[in-house]
Amino acid sequence: MYLIFVMMGVLLYSSLSKSFWQPAVWTLESAQFLMVAYFLLGGAYSMQLDAHVRMDLLYSRWAPRTRAMIDSVTILLLIFFLVFLLYGGISSTSYALEYDETSYSAWSPPMAPIKIVMCIGIGLMLLQTVATLCRDVAQAVGRPLR
């Protein structure tokens, strides 16, 4: 959660270095890597707290069991998506590790660390999604876990 402040510091340094000194070539890409880590590592935590944004046209009017049934179906779609995302992430990470892949920028940092963080974030999101599915199925059959 505190990565956002690190990213803001990097971007502030970028602005200052462009105004007063020689511009730093590493700042923009570092900020992008920090944002990826912030977004992907925060997804599972946000899901655990049930803090995701919902489009609530009908959802709030439904009974808790109906919500749980609908959530179970949509969670299955999310699990399907996350499994493919993790498969692609692992493939991309193994490529980056095997061939020492670097970015095509002037700074040219190694890509493996951020790809590893991405796989960890996707894996954590997948674990939290399975836990949420178990909770929703239990709620849908009338035996809530909470």
Side-chain angles (χ1 to χ4, degrees), residues 1-17 24-146:
M1 149 168 77
Y2 298 111
L3 279 177
I4 195 78
F5 297 113
V6 176
M7 187 183 70
M8 288 169 48
V10 167
L11 291 173
L12 178 64
Y13 178 77
S14 176
S15 296
L16 292 175
S17 72
V25 296
W26 57 269
T27 53
L28 181 61
E29 206 154 19
S30 293
Q32 289 172 340
F33 288 170
L34 288 167
M35 188 62 192
V36 166
Y38 176 76
F39 177 75
L40 287 173
L41 294 174
Y45 181 66
S46 173
M47 191 171 193
Q48 179 185 17
L49 297 178
D50 200 24
H52 282 281
V53 176
R54 285 193 176 98
M55 185 149 183
D56 192 6
L57 297 174
L58 303 172
Y59 191 81
S60 65
R61 298 178 189 164
W62 293 337
R65 287 182 72 180
T66 306
R67 284 188 220 158
M69 284 187 279
I70 298 299
D71 286 345
S72 297
V73 171
T74 58
I75 277 287
L76 287 172
L77 296 173
L78 179 59
I79 288 172
F80 180 75
F81 172 73
L82 288 172
V83 165
F84 277 101
L85 202 61
L86 185 60
Y87 176 76
I90 290 171
S91 172
S92 182
T93 302
S94 66
Y95 177 86
L97 289 168
E98 185 176 345
Y99 295 105
D100 294 325
E101 180 184 15
T102 60
S103 172
Y104 294 109
S105 68
W107 178 38
S108 190
M111 296 300 291
I114 192 60
K115 290 184 178 189
I116 291 168
V117 168
M118 287 171 49
C119 287
I120 290 169
I122 294 165
L124 290 173
M125 183 72 168
L126 188 58
L127 287 173
Q128 183 57 48
T129 304
V130 170
T132 303
L133 175 64
C134 292
R135 187 191 67 214
D136 287 340
V137 168
Q139 176 78 28
V141 297
R143 303 176 105 188
L145 298 176
R146 288 186 185 182

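Only heavy atoms go into these numbers, but all of them, side chains included; no hydrogens, no water, no symmetry mates.
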- [ ] With ring pair (Phe, Tyr, Trp, His ring centres under 6.0 Å) as the test, would you mind laying out the steps for F33 and W26 before giving the verdict?
- [x] CA-CA 11 Å; F33 288 170; W26 57 269; over 10 Å; no

Open item on the list: Please evaluate residues M69 and V73 with respect to the criterion side chain to side chain contact (heavy atoms under 4.5 Å, CB included), reporting the C-alpha separation (whole Å), side-chain torsions for both, the decisive distance (0.1 Å), and the verdict.
Closed with: CA-CA 7 Å; M69 284 187 279; V73 171; over 6 Å; no

When rounded to the nearest 0.5 angstrom, what is the spacing between [atom1] in [X] and [atom2] in [Y]?
X	Y	atom1	atom2	value
S17	L12	OG	CG	9.5 Å
E29	I114	CD	CD1	10.5 Å
I122	Y87	CD1	OH	14.0 Å
T129	L124	OG1	CG	10.5 Å
I70	I75	CD1	CD1	12.5 Å
M35	L40	CE	CG	10.0 Å

Task: Any donor-acceptor pair under 3.5 Å from S108 side chain to S105 backbone - done: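 Not confirmed, S108 side chain does not pair with S105 backbone.
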
Closest contact, heavy atoms only, [X] versus [Y]:
X	Y	result
C119	L86	O-CD1, 3.6 Å
A138	L145	CB-CG, 3.7 Å
Q139	P64	NE2-CB, 3.5 Å
T102	M111	C-CG, 3.7 Å
K115	S92	NZ-OG, 2.7 Å
S72	L133	O-CD1, 3.7 Å

Task: Pairwise side-chain contact, L11 with T27, heavy-atom cut-off 4.5 Å (strictly under) - done: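 Not in contact.
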
TODO: Report yes if some heavy atom in the side chain of T74 is under 4.5 Å from a heavy atom in the side chain of L78; otherwise report no.
DONE: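 Sidechains of L78 and T74: no contact.
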
Open item on the list: A quick test of your reading: do over 12 heavy atoms of other residues, nucleotides or ligands sit less than 6.0 Å from OH of Y95?
Closed with: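 It does not: Y95 OH has 12 such atoms or fewer within range.
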
